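The chain is numbered in sequence order, starting from 1. Here the structure is a predicted model, which means the values were calculated and not measured.
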Amino acid sequence: MNTKSSLPLHRQVPDERGFFGKFGGSFIPPELQEQMDEIARAYQRICRSHDFIRELRSIRKHFQGRPTPVYYCNNLSNKIDGARIYLKREDLNHSGAHKLNHCMGEALLAKYLGKKKLIAETGAGQHGVALATAGAYFGIPVEIHMGEVDIAKEHPNVVRMRILGATVVPVSFGARTLKEAVDSAFQAYLKDPVNSIYCIGSVVGPHPFPLMVREFQRVVGIEAREQFIEMTGELPDNVVACVGGGSNAMGIFSGFLDDPVELHGVEPLGRGSKPGDHAASLSHGSEGVMHGFNSIMLKDDKGEPSAVYSVASGLDYPSVGPEHAYLNSIGRTTVGTATDEEAIHAFFQLSRLEGIIPALESAHAVAYALKLAKQRPSQDILVNLSGRGDKDIDFVMEKYGHYADMEY
Ligand SMILES: *Cc1c(COP(=O)(O)O)cnc(C)c1O
């Protein structure tokens with residue numbers, strides 16, 4: 001018989017109530033709790049059914065183009081003369097980022113539950129595009145809530161969502177970014193929780209979302225581990241991923257949790273460590289409840305979620321998925337940071353040396369990997385390249401165009 005501690009780490013948490021140690025759980029109004037319980041029960045039943053597994057596998061292969069490759073950055077590794085750097089190419093996943101992995105899973109679950117509408121928030125627009133893609137595939141209408149600041153900044157993704165048939169709802173209160181978009185989307189969902197389903201964009205929110213999204217993203221880690229061993233004959237020494245809510249990081253980390261591999265989550269340090277200038281929740285936050293779950297979050301003087309900032313819209317969230325808070329608290333993961341400036345340098349470096357334009361979010365992971373590579377010259381570093389940078393090119397050239405004249 002399996003005792004709890006002999007199970008793989010990803011099977012030990014969360015418990016039935018969605019707790020990863022003291023983090024996670026569900027802190028929501030009773031009427032919403034009923035809906036979450038129903039989703040949790042349905043998920044536990046459906047995710048084990050062979051029909052569901054078969055359909056999801058087929059979608060991943062034929063629609064998403066999985067498996068995505070692991071790629072060795074020969075030029076970049078030679079140039080820095082440090083560690084060997086590898087990328088897990090989630091930028092090549094259909095729609096350009098890892099987010100389609102959990103969106104296809106969530107939409108497939110919605111289909112099994114007979115839901116008539118998918119509701120979600122989006123920051124950089126990547127989750128919105130991924131969900132709009134999933135909605136089009138399954139023929140289920142999609143409603144995306146997005147802060148006005150992000151709508152202006154991420155115009156191409158707004159256009160994509162509308163082409164894919166989604167309704168984009170602009171959010172005009174507060175800081176008009178991701179946090180407000182989450183509040184607005186939750187309100188819309190609460191108006192008709194029977195016919196609609198909330199599709200969270202990361203490993204955050206009340207139980208069962210942190211569990212479900214991790215399980216849908218786990219394919220990244222499972223593939224990467226197998227591919228890396230096939231390529232090199234061994235495990236990587238380090239796995240690096242950027243952390244906004246933490247879904248791409250949990251996806252790749254979960255493949256290596258029980259291995260002697262150091263797992264590094266990279267948070268955005270923005271303009272610096274002053275409150276409001278960054279979104280490095282684990283590095284600078286404290287315990288608290290937000291958006292229905294207990295985790296480590298950035299708070300202002302009144303204990304409210306504080307204003308956050310990052311050059312990467314997909315990373316500016318004042319909390320982090322509960323599993324990250326847990327893994328960090330037991331010392332299983334290492335938390336690092338990259339500033340805007342470091343991320344922009346990495347954005348150009350990867351573009352120039354490898355012909356790969358990374359998303360600004362992913363550029364944070366690359367920037368951190370470059371720092372780590374100098375400290376650990378004899379090691380292997382596998383970076384989760386969570387998305388491609390096409391959505392960011394206009395913004396980068398407008399604001400950081402002078403970097404394009406530098407030598408890399
Ligand atoms: C949304 C996004 C992220 C951040 O989300 P996580 O849940 O932390 O993975 C990172 N990279 C890209 C490309 C994104 O679109």
Side-chain angles (χ1 to χ4, degrees), residues 70-90 221 224-225 228-229 231-244 246 248-250 252-253 255-273 278-284 310-312 315 320 324 327-354 356 358-386 403 406-408:
V70 164
Y71 168 73
Y72 173 56
C73 295
N74 191 41
N75 298 338
L76 188 64
S77 302
N78 284 343
K79 178 87 177 189
I80 57 174
D81 200 19
R84 286 175 298 268
I85 296 182
Y86 297 77
L87 305 176
K88 173 63 173 164
R89 299 286 311 273
E90 287 305 292
R225 186 177 188 279
F228 196 90
I229 291 174
M231 243 174 131
T232 69
E234 21 184 88
L235 286 163
D237 301 292
N238 305 278
V239 170
V240 174
C242 65
V243 176
N248 87 88
M250 268 330 301
I252 197 158
F253 286 0
F256 299 92
L257 279 175
D258 297 295
D259 296 319
V261 173
E262 192 169 339
L263 307 172
H264 307 258
V266 184
E267 299 192 311
L269 198 56
R271 294 181 285 248
S273 55
H278 64 84
S281 317
L282 283 171
S283 310
H284 294 283
S310 165
V311 71
L315 299 181
V320 66
H324 283 287
L327 291 173
N328 187 44
S329 75
I330 61 169
R332 181 62 192 89
T333 52
T334 305
V335 177
T337 59
T339 62
D340 280 5
E341 173 131 356
E342 290 168 334
I344 298 288
H345 267 297
F347 173 93
F348 279 105
Q349 233 170 336
L350 196 67
S351 301
R352 290 294 163 86
L353 293 171
E354 298 292 348
I356 298 170
L360 283 178
E361 292 79 11
S362 324
H364 284 73
V366 176
Y368 176 87
L370 293 171
K371 294 191 277 188
L372 195 63
K374 295 209 175 83
Q375 296 158 14
R376 304 181 180 185
S378 62
Q379 297 192 355
D380 288 338
I381 303 175
L382 173 62
V383 179
N384 197 14
L385 199 76
S386 52
Y403 282 57
M406 296 183 198
E407 292 250 349
Y408 287 93

Looking at every non-hydrogen atom in both residues, tell me the closest pair between P268 and H278 and how far apart they are. O-CB, 3.6 Å
The reported gap from CZ in R352 to CE in M406 (rounded to nearest 0.5 angstrom) is 10.0 Å
Side chains of I252 and E90: does their closest heavy-atom pair fall under 4.5 Å? no
First locate atom CD of E341, then atom OH of Y403, and finally report the distance between them rounded to the nearest 0.5 Å. 3.5 Å
Please report the interatomic distance CZ(R89) to OG(S362), rounded to the nearest 0.5 Å. 10.5 Å
Determine whether L257 and L327 make a side-chain contact, defined as any pair of heavy atoms from C-beta on separated by less than 4.5 Å. yes
Euclidean distance, I85 CD1 relative to Y72 OH, rounded to 0.5 Å: 8.5 Å
Testing L370, V383, V366 for side chain to side chain contact (heavy atoms under 4.5 Å, CB included) with L350, which one passes? V366
Quick one: do the S386 and E361 side chains pair a donor with an acceptor below 3.5 Å? no
Does the E354 side chain pair with the main chain of N75, one donor and one acceptor, at a distance under 3.5 Å? yes
Show your reasoning for whether side-chain contact (heavy atoms from CB on, under 4.5 Å) applies to L87 and C73. CA-CA 7 Å; L87 305 176; C73 295; 3.5 Å; yes
Euclidean distance, F228 CZ relative to E234 CD, rounded to 0.5 Å: 7.5 Å
Looking only at heavy atoms, the pair that brings T337 and E342 closest together is O-OE1, 4.2 Å
Distance col, row I344:CD1 vs T339:OG1, nearest 0.5 angstrom, shows 9.5 Å
Just wondering, do N384 and V239 contact through their side chains at under 4.5 Å, heavy atoms? no
Do C242 and N248 have side chains that approach each other closer than 4.5 Å (heavy atoms only, starting at C-beta)? yes
Mind checking salt bridge (charged side-chain N to carboxylate O under 4.0 Å, His left out) for D237 and listing every partner two or more places apart, or none if nothing turns up? none
Side chains of L282 and T333, heavy atoms from C-beta outward: is any pair under 4.5 Å? no
Atom NZ of K371 with >12 non-hydrogen neighbours under 6.0 angstrom: yes
Determine whether S310 and D340 make a side-chain contact, defined as any pair of heavy atoms from C-beta on separated by less than 4.5 Å. yes
Can you confirm whether H324 sits close enough to V243 that some side-chain heavy atom of one is under 4.5 Å from a side-chain heavy atom of the other? yes
Between the side chains of Q379 and N238, does any donor sit under 3.5 Å from an acceptor? yes
What class does the angle between the rings of F348 and Y408 fall in, given that below 30° is parallel, 30 to 60° is tilted and above 60° is perpendicular? parallel
Does L382 reach the side chain of V261, with side-chain heavy atoms less than 4.5 Å apart? no
My understanding is that only one of N78, D380, N74, T232 makes a side chain to side chain donor-acceptor pair (under 3.5 Å) with R84; could you say which? D380
For the student: nearest non-hydrogen atoms of V266 and A365, plus distance: CG2-CA, 4.2 Å
